[in-house]
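This report concerns only the one structure given below.
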Amino acid sequence: MNSKPQKIIVNIQDCKYPSWKVCLRNKLKYLKSSNLEIDCKNLDLSCTDLLEVIAISNQSNCTVISVCSTSLKTTVSAQSLGYKSQFIIENHLNETLKINEKNITISKTNFHQGTVRSGEYLESSGDLLILGDVNPGAKVSAEGNIIIWGRLLGIAHAGSKGDSKSTISALQLRPVQLRIASRVARGPKEKPQLGFAEQARIDSEEIIICPLETT
Amino acid sequence: MATDTRVILICSGKGGVGKTTLTANLGISLARQGFTTAVLDADFGLRNLDLLLGLENRIVYTAQEVLEEECRLDQALVKHKQEANLSLLPAGNPRMLDWLKPDDMRRIVDMLKEQFNYVLIDCPAGVEDGFKNAMAASQEAIVVTNPEVSAVRDADRVIGLLNTNAIKPVQLVLNRVRPKMMANQEMLSIDDVTDILALPLLGLVLEDEQVIVSTNRGEPLTLNSLNSPAAKCYLNIAKRLQGEDIPLIDPLEESSGFGAKFRRLMQTKIF
């Protein structure tokens, strides 16, 4: 009966309302069966919470298509439920700088603390800093550099938009696969020496791994 | 009425690593220690917790009938023959696979919480609906894995999902450890596994042929054959779950055979 032509973005973090549930219910009152993108702003939502969001939306004949948030927890929850989700990095520093000097571009650094486990996928539109291990089966990618304060045992892709100057650094570099820009390399067979941080970068069209130099 | 019931999910991701065996043995051990314990078989598509406990022929109702108010909870609970503190509740009927929803699971567990000190949920393999249902009602979890790459990888995935659902604490049981292979470095070592999974180790279970015998007989090892190596491991896990501080067995010492064990005994007991 109803055609569902376009996606409507619903912001459920609105200070006009006491809680996001009330906010969502109120905003849905005025919508008639449509496809929704839920903008959760900085709310930390678990899978259970998101299921509730979906249930409330379904009650008003709306379908949740995707979720976006500045909270990593919400993004991961949405992903684990099989929804398209987008992680937005909030960078207050960046915002204020933009106002002062208009033409300065600062690369955004996305920060993740904790182990990235098998099946999980982290993406960043700037640099990516991970405090923890990247386990086998996990994938991390960044448009800029990737720095891992821990072990890299999964797949890492630096310079995902084509920047071949990007590097991947880790305290222990034992990846399944390394990608920088459009280059792909398999991880080294032998275990690296313990206690020496290493860096992968592109040198004459090939990915090489060398000890991390601090300059 | 029990006030602080612990609801523990026993899961693994990969199939065949020993979830059901651990559930059965842990259930018996906890019941032995005097705790009223319910084991809930959430793997109702391929249910066999009843087989392991030797209760297959006593099942009349399942949780499904309880929720549909066709019977009372105590009619569906199957009491164990020897261990009166232990009851089994099958979650559903293998012929009706789609009926259970996370909310149903919460309702069942809430009912069980009123009567029992421990509720152990035997989770199905995989990370799909069955797992999500089983996870919905749990507060803490035990992840079972074997010292092999594929089991560890799947456990890692499951731990990630448990973390996003705020299930705490998550503890690890390393099952089917073969001390000789570990000593010869033909198998992942305990450190290899705990390094990747980054979880506290609740216990090791040694590989034991008696497990197969006990499964076929429908009598968990912890019931009658307390001298088998695996039964001791299960008992230790049950005690550690209570917060008792029992040191982990060292598989390397286990592998060095009778001579070394005898010498150790001499050193500790006599001198």
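All chains are named by letter (A, B, ...) in the order of the sequence lines, taking the proteins before the strands, and each is independently numbered beginning at 1. Computed over heavy atoms, backbone and side chain alike; hydrogens, waters and symmetry mates excluded. Keep in mind it's a predicted model, so treat the numbers as computed, not measured.
To the nearest 0.5 Å, the span separating OG1 on A:Thr48 from CZ on B:Arg106 amounts to 6.0 Å. One distance of note links CD of A:Glu120 with CG of B:Asn163; it measures 8.0 Å at 0.5 Å rounding. Remark: A:Gln172 CD to B:Asp195 CG distance equals 8.5 Å, nearest 0.5 Å.
By the neighbour-count criterion of 12 heavy atoms within 6.0 Å, atom CD of B:Glu186 is densely surrounded, having more than that number from other residues, nucleotides or ligands. Residue A:Phe111 qualifies as enclosed at atom CZ: its count of foreign heavy atoms under 6.0 Å is above 12. Within 6.0 Å of atom CZ in B:Arg240, more than 12 heavy atoms from other residues, nucleotides or ligands are found, so the atom counts as buried in its surroundings. Within 6.0 Å of CD in B:Glu69 there are 12 or fewer heavy atoms belonging to other residues, nucleotides or ligands.
Residues of residues 146-156 of chain A lying within less than 4.5 angstrom of chain B, judged on heavy atoms, are A:Arg151, A:Leu153 in numerical order.
When heavy atoms are compared at a cutoff of 4.5 Å, B:Asp154 does not approach chain A at all. Both the backbone and the side chain of B:Ala198 come within less than 4.5 Å of a heavy atom of chain A.
Between chain B and the options A:Ser118, A:Gly119, A:Gly114, the largest number of non-hydrogen pairs under 4.5 Å is found for A:Ser118. Among A:Pro136, A:Cys47, A:Ala138, the residue with the largest count of heavy-atom pairs under 4.5 Å with chain B is A:Pro136.
Judged by distance alone, with hydrogens and angles left aside, the side-chain atoms of B:Asp156 form no donor-acceptor pair with the main-chain N or O of A:Arg117 at under 3.5 Å.
Heavy atoms only, all atoms of each residue included: A:Asn135 and B:Ile196 are closest at ND2-O, 2.9 Å.
Listed by chain and residue number, B:Asp122 satisfy the side-chain hydrogen bond (donor to acceptor under 3.5 Å, both in side chains) test with B:Thr20 (two or more places apart in sequence, or in another chain). Shown here are the ring pair (Phe, Tyr, Trp, His ring centres under 6.0 Å) partners of B:Phe131, two or more places apart in sequence or in another chain: there are none. Among residues two or more places apart in sequence or in another chain, the ring pair (Phe, Tyr, Trp, His ring centres under 6.0 Å) test is passed with B:Tyr118 by B:Phe35.
Between B:Thr164 and A:Ser46 the shortest side-chain heavy-atom distance does not fall below 4.5 Å.
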